[in-house]
Asks: 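The structure that follows is given in the form of C-alpha cells.
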Amino acid sequence: MYRSPNTPATGDDSVLDQLILRDQLVSIRRNIMEIMPINSGVSAVALLMAVYYAHGLAGLVWFIAALAINIIRFVQSWLPDTAPPLPVRRSSFRWLSLTALLSGLVWATLPVLSDYCTNPQTVFYLTITCGITAGAVTHGGPYARVPICFVVPPLLSVSACLIWLDNFGSACLAATVLLYLAALLRSARRAQAEFQETSFLKNQAVQLASSMEETNSASMVVAEQMSYRATHDDLTGLLNRPGFMRQAEAALGEADGPCCLMFIDLDGFKPINEAFGHHAGDRVLVEAARRLALPLGPDCILGRMGGDEFALFYPICSTTPPPEQLGRELIEALAPPFFSFDAGLLGACVGFHAGREESVTALLSGADEALRAAKAKGRNQLQAFDERLRQRLAMRRDIERDLRRALSEKWAEVWYQPVFRADGYTLVGFEGLLRWQHPQHGFIAPDELIAVAAKTGLAEQLLRFVLDDVCQMIAALRARGLAHVRVAMNISPREIARLPVDEILLAELARMTCPAAMLEVEITEESLLDLASVQTKLLRLAEAGVQISIDDFGVGYSTLATLRQPYVNKIKIDRSFVKDIASSRDNQVLVTSILQLGRTLGLRVVAEGVETPQDHALLKQIGCDLVQGYLFRTPAPPAEVLRWLAGENS
C-alpha cells in the first residue's frame, strides 16, 4: 500500500512507499527545471508588454521578482541525475511547495500591470496567466501540492479583480476563472494519483524481480552450502567418505596409469579421546588432518572416512613419490607430539593399494586389508596390499558370503576341549571352541569368524549358534551325572559391548532348563576396558550363577582394579607364557606371580596351552590349580567328547 506524501510521515514507511516518494521527487525536480525557462520567457514577454504600454517600472519590478524566484526554484531543482538516497526526506517536498507558492504570489501581482483588469491589455495578461498555470499543472503531475501552490494565488487574484469591477461580464469571467481553477486542482490531484499508481506498479515489479533474484541467489548459496556439507567433514574441512569416493572415482576415470589409495589410521587416539575428552580428541583430528595435507601434491585427494581414519588417493606418475616413501612421510608427519600429549601416545599405521583397478571400491578394499595387516604388526607400521593379502581378502569375502548359510545349515561346529585339575586326570570343565572347515579355504580361525560376523550383522546369530550348542552339551553332561562340570564359551569384546548378552544367555538357559552354574563365560581383557558398558551385563550374569573368566590373561590390558570386580571368578594364563615354561626362567617368574595374585584375590587360575610333560610337571610344582592343553586332550566334536566321557565312566 503506497502513501501520498501529503500524509504525515511515520517511522514505518515501507520500502515501496519510499521508492514512490523518490520517483515523485525526481520527476517534479526534472519538470521544474524544464518549465523554468518557459516561465522566464513568458515573464520577459509580460515585461515588454508593460514597457510598451507605459508600465515599465512596475513591469521591471515584477519581472525581477519573477526571475529571482525562478532562479531559486531552478537551483533548488538542479541536482545530479542520480536518484536521492533512501529514505527520502519529506522536507524536500515542503521546500518545493514553498518556492512554488512564492512564485504563484509573484504571478498573483500581474493584474497590477493591467490596472487591475481594467485596461485593454487585460486579455493578454489573463491569457498568459491561464497558460502558465495550465503548464504548471501539466508539469507538476507527480506531486499535486507544488502546482496547486503555484496556480491558486494568480487565479484567485484575477478572479478577485474581475469581481471587484462589479459588472455582469466581469462576474461571469471571474466565475469562469474559478471553474478553471477547480478544474486545474482536480487535474493536479488526478495526475498525482496516476503517477503514484504507475510508480507503484513499476517499483512493485522491480522489487518482485529483485526479490526473486535475491531468493534465487540465496537458494544457490544454500544449495552450495548443502552440497559442501554433504561432501565435506564439518570438523576437519576435508572431504567426507561420500565426497572422497566421488572425487576419487572421477580422478580414477581420468587417470592413464596406476593409482594409489592409502588408509591412515591413528594409533592411540581412543585412549586420548576417553582420557581427555572429545574436545581434545577433536583438536587432535584437526591437527592430524593439517599434518597429513602438508606433504601432499595438487593431484592428491585427502578425506576423513570417519572416526580417526583418513584416506588418500592419487594417480602414480613420475612427479609423485613412490607409495612406500609417501606412506613413511605421512607416518613421520604424525610422529611429533600433539599439543601437550607425549610423543609416544599417538602415531599412525598406513595400508595402501597401488595398481590398476576398475573402481575406487576395489582400491579401498585392498587398502583396508593392508591397514589391518599393518595394525596387526604394531604401531607406526606401513603395509602394501600384496598377493598374500589379496588371497586373504578373497577368503574373507567368501566367508562373508557363506557364513549365514554355514550357521543355518550347521556347517560350523562347536568343539570342546577339557579342563583338568593339576593332576591332568580330574575333569572340571570344557571350553567350547568354534570350528568351521570352509570348502575352499579350509579351517577358519574363530577370530576371523567373529570379525566377519560383526561386519555382516551376524554377531547375534553367531552368539546364539554357539550358545545353543553349549546348552545342549550342558544338558548332556547333566544327563550323565556331571552337573559339577562347567562348559565355557568365549564372547568377544564387540559382542559384550553391542549385544544384550545377559538377556540372551539367561533366556536360553531358562528355555533349555540348564543351570546357570554350569555355564562359564570367557572374556578377554580388552572387554574390561569399557567397564561402564559391560559391568551391568556381567554382574547380572554372575548374580544368576554364571562364572566369569578372563581369557588370555597377561597379553592385554588388565589392571588390579578389573581383577577385583565381583563377577570375576577365574583367570586363564595365555598359552604364550605356558609354552616351554620348563625351559624359560622369565615365564616361570611371570606365571608364578600370576598364580600368587590369583590366590591373593581368591581367583582360580588355569594354564592353557600345556603341550609337554615337562611343562605340566613345572606347573604342578609351582602350584597351578587347573590345566588345559593338547598334552591331555585335543578339541573334539560333541559326539566324540560324549563317547570319550562314556568310556571314562564305564
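Just so you know, these numbers use all the heavy atoms, side chains as well, and skip hydrogens, waters and symmetry mates.
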Asks: Between I128 and V45, is there a side-chain heavy-atom distance shorter than 4.5 Å?
Replies: no
Asks: Listed by chain and number, what are the side-chain contact (heavy atoms from CB on, under 4.5 Å) partners of P500, not counting sequence neighbours?
Replies: D502, E503, I504
Asks: Would you compute the distance between atom CD of Q204 and atom NZ of K202 and round it to the nearest 0.5 angstrom?
Replies: 13.0 Å
Asks: Indicate yes or no: at least one non-hydrogen side-chain atom of L266 is less than 4.5 angstrom from one of L285.
Replies: yes
Asks: Identify the heavy atoms of G347 and R379 that sit nearest to each other, and give their distance.
Replies: N-NH2, 3.8 Å
Asks: What pairs meet the ring pair (Phe, Tyr, Trp, His ring centres under 6.0 Å) rule with one or both residues in residues 21-68, with sequence neighbours excluded?
Replies: W62-W107
Asks: Without swapping roles, check the side chain of D115 against the backbone of T118 for a donor-acceptor pair under 3.5 Å.
Replies: no
Asks: Using modelled atom types only, decide if a donor and an acceptor are shared between the side chain of S114 and the backbone of L110 within a distance under 3.5 Å.
Replies: no
Asks: Considering only residues two or more places apart or on different chains, which pairs with a residue in residues 280-289 satisfy salt bridge (charged side-chain N to carboxylate O under 4.0 Å, His left out)?
Replies: E287-R290, E287-R291
Asks: Between D368 and S365, do the side chains contain an N or O donor and an N or O acceptor separated by less than 3.5 Å?
Replies: no
Asks: Determine which pairs satisfy ring pair (Phe, Tyr, Trp, His ring centres under 6.0 Å) with at least one residue from residues 202-239, sequence neighbours left out, and list them in order.
Replies: Y228-H232
Asks: Kindly say whether C172 contributes a backbone atom to a donor-acceptor pair with the side chain of T176 at under 3.5 angstrom?
Replies: yes
Asks: So, for A354 and I316, which heavy atoms are closest and what is the spacing to 0.1 Å?
Replies: CB-CD1, 3.8 Å
Asks: Hey, does the side chain of S187 reach the backbone of A183 with a donor-acceptor pair shorter than 3.5 angstrom?
Replies: no
Asks: Check A188 against I148 and note the closest heavy-atom contact, atom names and distance.
Replies: CB-CG1, 4.1 Å
Asks: Other residues, nucleotides and ligands only: do more than 12 of their heavy atoms fall within 6.0 Å of OH on Y180?
Replies: yes
Asks: How many angstroms lie between OG in S103 and CD1 in I32, if you round to the nearest 0.5 Å?
Replies: 9.5 Å
Asks: Verify the neighbour count for atom CG of L57: are there more than 12 heavy atoms of other residues, nucleotides or ligands below 6.0 Å?
Replies: no
Asks: Applying side chain to side chain contact (heavy atoms under 4.5 Å, CB included), run through F93 and R145 and close with a yes or a no.
Replies: CA-CA 9 Å; F93 290 97; R145 183 176 293 179; over 6 Å; no
Asks: Is a side-chain donor or acceptor of K375 paired with a backbone partner of V350 at a separation under 3.5 angstrom?
Replies: no
Asks: Restricting to non-hydrogen atoms, name the atom on L113 and the atom on N119 that form the minimum distance, rounded to 0.1 Å.
Replies: O-ND2, 3.6 Å
Asks: Please answer whether the main-chain N or O of A374 pairs with a side-chain N or O of Q381 as donor and acceptor at a distance below 3.5 Å.
Replies: no
Asks: Kindly state each residue pair satisfying salt bridge (charged side-chain N to carboxylate O under 4.0 Å, His left out) with at least one member in residues 347-361, sequence neighbours excluded.
Replies: E357-R390
Asks: Within the structure provided, determine whether D267 and L346 are in side-chain contact (heavy-atom separation under 4.5 Å).
Replies: no
Asks: Quick one: do L296 and L330 satisfy side chain to side chain contact (heavy atoms under 4.5 Å, CB included)? Show the steps, please.
Replies: CA-CA 9 Å; L296 303 183; L330 295 178; 4.2 Å; yes
Asks: Tell me the closest heavy-atom pair linking C300 and L312, and the distance in Å.
Replies: CB-CD1, 3.7 Å
Asks: Is it true that, when you exclude D234 itself, more than 12 heavy atoms of the residues, nucleotides or ligands shown sit nearer than 6.0 Å to its CG?
Replies: yes
Asks: Determine whether L173 and L126 make a side-chain contact, defined as any pair of heavy atoms from C-beta on separated by less than 4.5 Å.
Replies: yes
Asks: Considering only residues two or more places apart or on different chains, which pairs with a residue in residues 280-320 satisfy ring pair (Phe, Tyr, Trp, His ring centres under 6.0 Å)?
Replies: none
Asks: Within the structure provided, determine whether L181 and V177 are in side-chain contact (heavy-atom separation under 4.5 Å).
Replies: no
Asks: Heavy atoms, side chains only, cut-off 4.5 Å: are N216 and M212 in contact?
Replies: no
Asks: According to side chain to side chain donor-acceptor pair (under 3.5 Å), who are the partners of H279, at least two apart in sequence or on a separate chain?
Replies: none
Asks: Rounded to the nearest 0.5 Å, what separates atom CG in L21 from atom OG in S199?
Replies: 8.5 Å
Asks: Could you go through T320 and C317, starting from their C-alpha distance and side-chain angles, then the distance that decides it, and tell me whether this counts as side chain to side chain contact (heavy atoms under 4.5 Å, CB included)?
Replies: CA-CA 6 Å; T320 58; C317 58; 3.7 Å; yes
Asks: Sequence neighbours left out, what passes ring pair (Phe, Tyr, Trp, His ring centres under 6.0 Å) with F385? Give chain and number order.
Replies: H353
Asks: Quick one: side chain to side chain donor-acceptor pair (under 3.5 Å) partners of N70, sequence neighbours excluded?
Replies: N39, S40
Asks: Working to the nearest 0.5 angstrom, can you tell me the gap between R189 CZ and Q192 CD?
Replies: 7.5 Å
Asks: Roughly how far apart are R229 CZ and T231 OG1, rounded to 0.5 Å?
Replies: 11.5 Å
Asks: Would I64 and L67 count as a side chain to side chain contact (heavy atoms under 4.5 Å, CB included) here? Give the steps.
Replies: CA-CA 5 Å; I64 291 173; L67 184 62; 5.8 Å; no
Asks: Test: salt bridge (charged side-chain N to carboxylate O under 4.0 Å, His left out). Region: residues 293-310. Which pairs qualify, not counting sequence neighbours?
Replies: D233-R304
Asks: Table please: side-chain donor-acceptor pairs of residues 238-263 below 3.5 Å, with sequence neighbours left out.
Replies:
residue: N240; atom: OD1; partner: G243; partner atom: N; Å: 2.9
residue: N240; atom: ND2; partner: A230; partner atom: O; Å: 3.0
residue: E249; atom: OE2; partner: V360; partner atom: N; Å: 3.3

Asks: If every non-hydrogen atom of P295 is compared with every non-hydrogen atom of E329, which pair is closest and at what distance?
Replies: CB-OE1, 3.9 Å
Asks: Short question: side chain of T129, backbone of Y125 - any donor-acceptor pair under 3.5 Å?
Replies: yes
Asks: If you define the side chain from C-beta out and look only at heavy atoms, does anything of R73 sit under 4.5 Å from V146?
Replies: yes
Asks: How long is the straight-line distance from CZ of F150 back to CG of L96, given to the nearest 0.5 Å?
Replies: 14.0 Å
Asks: Under 3.5 Å, which donor-acceptor pairs do the side chains of residues 151-165 form with other protein atoms, sequence neighbours left out?
Replies:
residue: S157; atom: OG; partner: A108; partner atom: O; Å: 2.5
residue: S159; atom: OG; partner: L155; partner atom: O; Å: 2.9

Asks: When you measure from the side chain of T198 to the backbone N and O of E194, does any donor-acceptor pair fall under 3.5 Å?
Replies: yes
